[in-house]
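Right, one structure below, let's go through it.
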Amino acid sequence: MAGRFAPRPTLPHSPKGVGGTPTPVRDGQAAVPSGVPRQATGPGRVRAWVPDGPLDLGLVLGPLRRGPGDPTFRVTPDGSVWRTSLTPAGPGTLRVCAYGGEVRGEAWGPGAQWLLERLPELLGAADDPSAFVPRHRLLASARHRRPGLRLTRSGLVLESLIPSILEQKVTTDEAYRAWRLLVRKFGEPAPGPAPARMYVMPAPRTWALIPSWEWHRAGVDNKRASTILRAVRVAARLEQAVGMEPAAARARLELVPGVGPWTSAETVQRSHGAADEVTVGDLHLPGIVGWALAGDRDADDAVMLELLEPYAGQRHRAARLILLSGRVPARRAPKMPRWDIGQL
């Protein structure tokens, strides 16, 4: 699920987000340093926005980052979060920074205006954290400690669907490496004064033209590569799903052979900001939820959904808060070994 990894221990003097909330340091999130952001060089479109409550950039935007080396996502020491996106208007680079109670967005490229128009939704303006009513002490504590958590809505389907397909049935390290290699090799450099080695993800046609040996070198097996190729052939139809309700959007995504409930949930959690679309079929999540809410580390999907039933309408948020709580069962087996098929 979006932001599905357990947090590392909070570091002393952790930086602050909008509203004074600490910004965590963990996979699936972004550690955003404090300080006054410097002004980026080069003309860009600018928009200022004031959130109606606490906002933690690391918590909100972190699920959009695919590993610390993601070429489409970067956090700079001045506290700015940089993202690249392939928008309907073309490629664009977005820089977001928070200072005081205001968020400032600056964008470059043909997609700049599109990105700025949707800046509030990207930062969770369409999300309603008050709709969540905790019924367990753990969830109440986690929500109290993370008041800046909001669910992002990117408004783009393919940029979340493709990396989710890459994450199917492999370790996250393998998936992140594949995403990094493919975007850097076949994407285009980020427009504007973006940090070095930032790229915009390839267009659907470019994905379709990637040779089979390049998928192999990136460690992507034929099953996942074929699923991505089937998805990009109907990219326009899939992007239309962003205007649907999450359940209907998932149904459309799952019409693509190779896209199942796990992948569709991972996608709409980011593209739609879907508060109720909990990930099923995950290797670790049922055990984490079962352990946190019932002390059952062997819980399966059915048990997880039963435990989350009191939070119907907000089950994804409940699962994220459980992950943020840090209450996870101790590991009982070695990590899944990493296989690099590109060496075969």
Side-chain angles (χ1 to χ4, degrees), residues 1-5 27-28 63-74 83-86 91 154 156-190 197-239 250 253-271 279-285 335-344:
M1 60 171 291
R4 65 184 181 277
F5 302 108
D27 288 339
L64 300 176
R65 181 183 66 173
R66 305 293 181 155
D70 187 348
T72 70
F73 193 108
R74 190 75 52 83
R83 286 193 69 237
T84 66
S85 292
L86 184 62
S154 71
L156 296 168
V157 172
L158 217 61
E159 74 169 24
S160 293
L161 176 61
I162 291 176
S164 295
I165 294 172
L166 291 174
E167 292 174 6
Q168 292 176 350
K169 299 186 182 300
V170 296
T171 65
T172 53
D173 287 344
E174 292 175 88
Y176 291 161
R177 175 181 177 272
W179 172 251
R180 182 173 66 251
L181 293 177
L182 291 170
V183 172
R184 283 179 178 170
K185 186 156 190 175
F186 298 100
E188 61 178 281
R197 294 178 65 79
M198 284 198 73
Y199 292 83
V200 181
M201 66 170 274
R205 177 171 173 77
T206 305
W207 284 108
L209 295 177
I210 294 178
S212 60
W213 57 87
E214 294 293 353
W215 293 104
H216 187 82
R217 288 173 178 170
V220 182
D221 57 80
N222 183 64
K223 182 177 181 181
R224 287 179 291 151
S226 297
T227 300
I228 292 174
L229 294 177
R230 286 190 288 266
V232 297
R233 290 190 188 109
V234 291
R237 293 285 292 166
L238 296 183
E239 291 293 354
R250 290 187 63 182
L253 293 178
E254 291 174 22
L255 291 175
V256 178
V259 175
W262 185 92
T263 307
S264 66
E266 289 285 304
T267 301
V268 301
Q269 287 166 6
R270 297 168 171 87
S271 62
T279 304
V280 296
D282 193 84
L283 180 61
H284 304 290
L285 186 62
K335 289 184 177 180
M336 180 186 297
R338 173 181 169 181
W339 300 98
D340 184 2
I341 66 171
Q343 300 297 321
L344 299 177

Do you know which two heavy atoms are closest between V220 and A178, and how far apart they sit? CG2-CB, 3.6 Å

State, yes or no, whether a side-chain contact exists between W262 and D282 at a heavy-atom distance under 4.5 Å. yes

With the side chain counted from C-beta on, respond yes when L255 and V234 share a heavy-atom pair under 4.5 Å apart, and no when they do not. no

Is it the case that T279 and E266 place a side-chain donor and acceptor less than 3.5 Å from each other? yes

Do you know which two heavy atoms are closest between V157 and E239, and how far apart they sit? N-OE1, 2.9 Å

Within the structure provided, determine whether V256 and L238 are in side-chain contact (heavy-atom separation under 4.5 Å). yes

In Å and rounded to the nearest 0.5 Å, what is the CG to CG distance from L166 to L182? 6.5 Å

So, the side chain of Q168 versus the backbone of G258: is there a donor-acceptor pair under 3.5 Å, distance only? yes

Nearest heavy-atom neighbours spanning R74 and M198: NH2-CG, 3.6 Å

Test your reading of the model: is there a side-chain donor-acceptor pair from T263 to the backbone of V259, 3.5 Å cut-off? no

Find the distance between CG (L161) and OG1 (T227) and round it off to the nearest 0.5 Å. 9.5 Å

Here the gap from T72 atom OG1 to M201 atom CE, rounded to the nearest 0.5 Å, amounts to 9.0 Å

Could you grab the distance from atom CZ of F186 to atom CD1 of I210, nearest 0.5 Å is fine? 5.0 Å

Evaluate the side-chain proximity of V183 to P202: yes if any heavy-atom separation is below 4.5 Å, no if none is. yes

Listed by chain and number, what are the side chain to side chain contact (heavy atoms under 4.5 Å, CB included) partners of P261, not counting sequence neighbours? R250, E254, V280

Output every pair passing salt bridge (charged side-chain N to carboxylate O under 4.0 Å, His left out) with a member in residues 202-216, not counting sequence neighbours, ordered by first then second residue. K185-E214, E214-R217

Hey, could you give me the CD/CD1 distance between E167 and I162, rounded to the nearest 0.5 Å? 12.5 Å

Value for OG (S164) from CD (E159), rounded to nearest 0.5 Å, stands at 10.5 Å

Note, Q269 side chain near P63 side chain (heavy atom, < 4.5 Å): no

Any heavy-atom pair between the side chains of R224 and K169 that's under 4.5 Å? no

Can any side-chain N or O of R66 pair as donor or acceptor with the backbone N or O of W179 at less than 3.5 Å? no

Heavy atoms of T84 and P71 approach each other most closely as OG1-O, 4.5 Å

At their closest point, which heavy atom of L158 faces which heavy atom of P204, and how far apart are they? CD2-CG, 3.8 Å

With sequence neighbours excluded, residues passing side chain to side chain contact (heavy atoms under 4.5 Å, CB included) with K223: D221

What's the shortest heavy-atom distance between A203 and L86, and which atoms? CA-CD2, 3.5 Å

Would you say the side-chain atoms of W215 pair up with the backbone N or O of N222, donor to acceptor, closer than 3.5 Å? no

